[in-house]
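Everything numeric here is computed off the predicted structure, so don't read it as measured data. Values below: every heavy atom of this structure, side chains too, minus hydrogens, waters and symmetry copies.
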Amino acid sequence: MKIIVTSIFVQDQDKALEFYSEKLGFVKKEDVLVGEFRWITLVSPDEQEGTKLLLEPNDHPAAKEYQKKILADGIPATMFGVADINKEYHRLLENGVKFTMEPTKMGELTIAVFDDTFK
């Protein structure tokens, strides 16, 4: 068994697609109309047959509440891995990505947190 799709809730699928593809560099895999919304998935440019990231509309009240609460508490909705976090941090800054935490050592890991809420 393997993970094939993971989703994040988004307020605006078009803005999220632009952010995740143009600013972060993910590749659009699928973009299919499903009712009033779209099934939009992205993949890593290095693993185009790997796990897909689904830009899930937060139209359901539970999704909106979940998104609101994790944002208020500063909890990241998902995590991405990179080979060189400092290099990637500077690349994303140059692309206009806003960070809520710069690269910070936490035990054996170094993490950084960016804001994808399009404020």
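Within the 4.5 Å cutoff, side-chain heavy atoms of Gln13 are placed close to those of Phe37. A heavy-atom distance below 4.5 Å is not found between the side chains of Ser7 and Leu53. Proximity of Val10 to Asp12: side-chain heavy atoms (C-beta onward) are nowhere separated by under 4.5 Å.
Heavy atoms from other residues, nucleotides or ligands lying under 6.0 Å from CG of Leu33 number more than 12. Counting heavy atoms of neighbouring residues, nucleotides and ligands inside a 6.0 Å radius, atom CD1 of Ile4 does not exceed 12 of them. The 12-atom threshold is not exceeded at NZ of Lys69, counting heavy atoms of other residues, nucleotides or ligands nearer than 6.0 Å.
Heavy atoms only, all atoms of each residue included: Thr51 and Val5 are closest at CG2-N, 4.3 Å.
Hydrophobic clustering of Ile, Leu, Val, Met, Phe, Trp and Tyr side chains at less than 4.5 Å, counting indirect connections, keeps Val113 apart from Leu71. A single hydrophobic cluster is seen to contain both Phe80 and Leu92, as judged by linkage of ILVMFWY side chains at heavy-atom distances under 4.5 Å, directly or through other members. Under a hydrophobic clustering in which Ile, Leu, Val, Met, Phe, Trp and Tyr are joined whenever their side-chain heavy atoms come within less than 4.5 Å, directly or via other members, Val97 and Leu55 fall into the same cluster. Under a hydrophobic-cluster definition in which Ile, Leu, Val, Met, Phe, Trp and Tyr are linked whenever side-chain heavy atoms come within less than 4.5 Å, directly or via other members, Val82 and Val43 are assigned to different clusters. Hydrophobic clustering keeps Trp39 apart from Leu17 (ILVMFWY residues linked when any side-chain heavy atoms are closer than 4.5 Å, directly or through intermediates).
Using bins of under 30°, 30° to 60° and over 60° for the plane-to-plane angle, the ring pair Phe99/Tyr89 lands in the perpendicular bin. Using cut-offs of 30° and 60° on the angle between ring planes, the pair Tyr20 and Phe26 is tilted.
Note on Lys28 versus Glu22: no salt bridge recorded, every NZ/NE/NH1/NH2 to OD/OE distance being 4.0 Å or above. Of the charged side-chain nitrogens involved, at least one lies within less than 4.0 Å of a carboxylate oxygen, so that Glu88 and Arg91 count as a salt-bridged pair. We find that Arg38 and Asp31 are joined by a salt bridge, their nearest charged nitrogen and carboxylate oxygen being less than 4.0 Å apart. Using a 4.0 Å cut-off between a side-chain N of Lys or Arg and a carboxylate O of Asp or Glu, Lys23 and Asp116 do not qualify as a salt bridge.
There is no side-chain donor-acceptor pair under 3.5 Å between Asn58 and Gln11.
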Side chain to side chain contact (heavy atoms under 4.5 Å, CB included) between Lys29 and Glu49, worked out: CA-CA 9 Å; Lys29 183 78 171 181; Glu49 298 307 315; 3.0 Å; yes
